[in-house]
Amino acid sequence: MSAIDRWTERLTREMARSTGRRSLLAKLGTLLAGGAAVPLLPVARGLAAGTPIHNQAGPDPELDGPEGDPTKCEYWRHCSIDGFLCSCCGGSQTACPPGTEMAPVSWIGTCRNPGDGKDYAIWYNDCCGRGMCGRCFCNRNEGDRPIYHPYRSNDVNWCSGASSQIYHCSTALIIGLAEEAQPEQ
Amino acid sequence: MSAIDRWTERLTREMARSTGRRSLLAKLGTLLAGGAAVPLLPVARGLAAGTPIHNQAGPDPELDGPEGDPTKCEYWRHCSIDGFLCSCCGGSQTACPPGTEMAPVSWIGTCRNPGDGKDYAIWYNDCCGRGMCGRCFCNRNEGDRPIYHPYRSNDVNWCSGASSQIYHCSTALIIGLAEEAQPEQ
Amino acid sequence: MLRLAIGLCLALATAAGAEEVEPDDVGRSLRLPQRTEHWVWLNEPLLKHAKLLDGDSGEVLGIVDALGSLTGRHPLPCRERDETYVLETFYSRGNRGQRRDFVTIYDSRSLEVIGEIEVPPRTADVGHGLALGAVLDGCRFLVINNQEPANSVTVVDLESRSVVEEITTAGCALVYPVGERRFGMLCGDGTALLVEIDGAGHRRRLTSSEPFFDVVEDPLTEKGVRNGEQWMFASFEGYLHIVDFSGERPRLADRWSLFTDAQREQSWRIGGLQHLAYHAPTKRLYSVVHQGGKGTHKDAGNEIWVYDAERRQRVQVIGPPPLLAAFLRRMSGIEPDSWTAWLMEAVIPNQGVHSVVVTPDEQPLLFVRHRENGSAGVFDARDGTFVRYLEEIGLGGGLMVVP
Amino acid sequence: MLRLAIGLCLALATAAGAEEVEPDDVGRSLRLPQRTEHWVWLNEPLLKHAKLLDGDSGEVLGIVDALGSLTGRHPLPCRERDETYVLETFYSRGNRGQRRDFVTIYDSRSLEVIGEIEVPPRTADVGHGLALGAVLDGCRFLVINNQEPANSVTVVDLESRSVVEEITTAGCALVYPVGERRFGMLCGDGTALLVEIDGAGHRRRLTSSEPFFDVVEDPLTEKGVRNGEQWMFASFEGYLHIVDFSGERPRLADRWSLFTDAQREQSWRIGGLQHLAYHAPTKRLYSVVHQGGKGTHKDAGNEIWVYDAERRQRVQVIGPPPLLAAFLRRMSGIEPDSWTAWLMEAVIPNQGVHSVVVTPDEQPLLFVRHRENGSAGVFDARDGTFVRYLEEIGLGGGLMVVP
């Protein structure tokens, strides 16, 4: 078992533990290309079955101003987002707008929550299957990397795993605390 | 033969005469609906076979300012146009942009040429089969009528007769002199 | 390889602390909240969709696609079935290839696509986007205006989700519902047509009115508003025509002038896209007007005149908000209360509005919209107080539908 | 009926007079004029097409569709075949249903669709739109970057108009042509990959370089520029990497800093979309730069630095024009020379540019573009003189391709 394999196994176990309720089916793998071991990401995750009634997750209660407002680009979870904010499109920072499908794979950012000063790992899952929402375009690139480093790249259309790859808007889900800050911090 | 039938027959003959080179296949008809004789238009016309090399028809030499400039909404032929000006999209006021198809039917306007003070009948043929051009949107409504009076209605997507009904831009072709001015003049 | 592993580790980690924000569930999509009377659908022709907004909050609640026409056909909501219908045209190669037309069926609560009905590929495509399809009362039938080659309508049974038949309506166009199995049309000979279908949706009878308007000299705009079994249409010259479809044969029930002689002399004129709105409980008629000559019947209006339709009197004048300045401010990323925003509002001309719609309830909202940049605003319809802008609706579109 | 006949008569008439303007021919479509070196393709993601413009006149020459991706994939022109290729994705129901991907083939002179090649429905869709497909030298083969599930490329034979094969390139992405049957890629382990195909387009050999950059600490942007068999990539931290694909194995041929230590201290940084451009005859490198921190590698630049790439020295600084003010002026319908236009330019901040491209000829033009509103301008690349705005390109898009 290579170092990478061991690492992905540990990661999978830890993610499953830390995310609790989620039915976690993280698929991580490696492929050999040109003799170099390179991780094949993104992370595929299971989807929660429930479709809640309208539930605007709403602003972070402990934060004032745009850093606590999920309809603003300055919202703290948006530090590596690239797209239309689902909170402006009938969804929220954690759920897709009515009639759209959350893709099971995403890119990952690490953002500092000004409320507790901690760094959180964020999944920027895209909502898919309907044309561009067009509202609240936001592009911030802390920790963004080129597409040859895909799970860190916000440029990729992350609707790949959904039933239609048409992009509608982006969410910003908390995975858990991050071990380290962004390279940028 | 009804009055309308005689009228359409005369119209067809006169159009063929006045337009000379065109291979004119004007199809005019009437249909009975609810007991009332109502003309079924638009006029279907044959398409000239030749596809000329780039030939920006260009401004009217005798006219200064926007009234003589086919890329301007104020151009005299545009008095009843509704859409993107083909002159701004790689075409001209008389020819479609490269790769698009001129629909064989159109609505009809009557515009006064400030160069000679005469009223001309204008065919606003749409160019079709490619998405909206998006440049030089122009809407003028002299003589425009609602869609139950279809061949006088610039609101209709006149790509109906083309192989794809996707609208790209609009031209403004001279048919000949008009017998009467617009009701608006 | 070590460096690579470190890079990967940056993103993900265990969470042992007690105070941190809880992890989120993955894969959730929202449903709509409970419907209120203050919702409105706004089309967007460039993005080819329609947005559902709440007039009370200004928030976007959801979006449905509307592909393949000039304007993006607006949604056709049906309360009895909790369904929303959109007429769409698809080509096998985007803008080329084989054309197919569909009624796309959405669940009105989840906005999920729950079905489709293929219809003859002749659905009318018209820039104004109005009265090209309608759900008849009771939501059993949907009627679509076809355009090519001759005028006709397609009758769709929404219960069996199938096409019943195509009825030729040569010379007549547009669909104005007046009952469960009855709808009106306007015709090129200056008449109105009443189309009646039977319980299965088949053609029962077509009945024409007497000619009552002049399609050349003073035609009726297509932008009528409904009042029960009557429809009100304004003519280009500003006469309101009340067409009654309740009897065996449609007829002009009434006709009155929206302008006094003095106002006509000052060139006041109707115009716009959805330039009329009617609020039945208060009998208030809202009319977008401007000063202009013939041929300006689609121009935006810089005033909204409010009439008591019973007394046939103008009772109020509402001035539209500076929608273009608000639109450009938002596009430029300028804060609403800034000096620059104030300057933009002062410099950029108020271009008026093309469209008005009013909600049907007792505390009605009046929505207004400018079709060229799609910007919109909300008034209290009772007293004409401006309530808010609807921000970032899109980049174009002038249609509004109260579901 | 008389009134109706009069109405119809209004439009059409005989023409007996001698002086009137001649009737026009119906049904004509133009071909493109003779190609010059100063043409450029500009994408438009909202209208989902790309416009071809003449930089000398500022005129739009023609438009091709580009459906089904975030940005509208840019055209891939091929001079030898007089063909232009666009990668497109179509769904059977607009934004839903079955996905099919195609290479749409245009005649470069008429912009007519003259063919299509269906390809595996996995073509990569990436916001920046760069290096996702490329025509190899000589125009025999087109290579497409796939994205899902694993990294791979599809090789298309343009002569037989068929897919030859899919080559797995796990961990490596993007396509940088370096010959008739050779192209480079960049990889997640900090290496470059050389892919060689045989005369039929089948996989011949994949060869990796030594690792030469750090994908976490200082990755290379995807926005490289070609110089023969070498590609130049800037790293986030502003080091230019010259990667040589001419040998058996790709290698880092050279690496130099775009900034002095003093400039680094002032936070000068590369950034944008197509932030590099290279003019081989004069060895001039154009680089979009701004002052900012880490994470600003996609931000627009308010300066364009011109380097002599041989001497590795900055030789000029070009300041971008106020594109946003020009864009909003045009949208507001305000005349260029008016007081209002002047005021808008004074009030609305200059947001810089994201992209630069340069034409390859001896009198080169430098095109610049801001991706958020799609506005563009033209400079004389030799002396940095501003030549003109390219007006009304669309409402978004930052890509430019010189055909």
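In the text below, chain A, chain B and the rest are named by the order of the sequence lines, each starting its count at 1.
Closest approach of D:Phe90 to C:Arg96, counting heavy atoms only: CZ-NH2, 4.0 Å.
Rounded to the nearest 0.5 Å, atoms NZ (D:Lys48) and CG (C:Leu47) are 8.5 Å apart. With rounding to the nearest 0.5 angstrom, the CE atom of C:Met344 is 12.0 Å from the OG1 atom of D:Thr340. For the atom pair D:Asp65 CG and C:Asn95 CG, the distance stands at 4.5 Å (nearest 0.5 Å).
Your options are D:Glu372, D:Gln351, D:Glu116, and the one with the most heavy-atom pairs under 4.5 Å with chain C is D:Glu116. Most heavy-atom pairs under 4.5 Å with chain D: of the set C:Leu324, C:Ile334, C:Val113, this distinction falls to C:Val113.
The parts of D:Leu46 that come within reach of chain C are both its backbone and its side chain, each placing non-hydrogen atoms under 4.5 angstrom from that chain. Looking at D:Thr104, the atoms closer than 4.5 Å to chain C (heavy atoms on both sides) all sit in the side chain, from C-beta outward.
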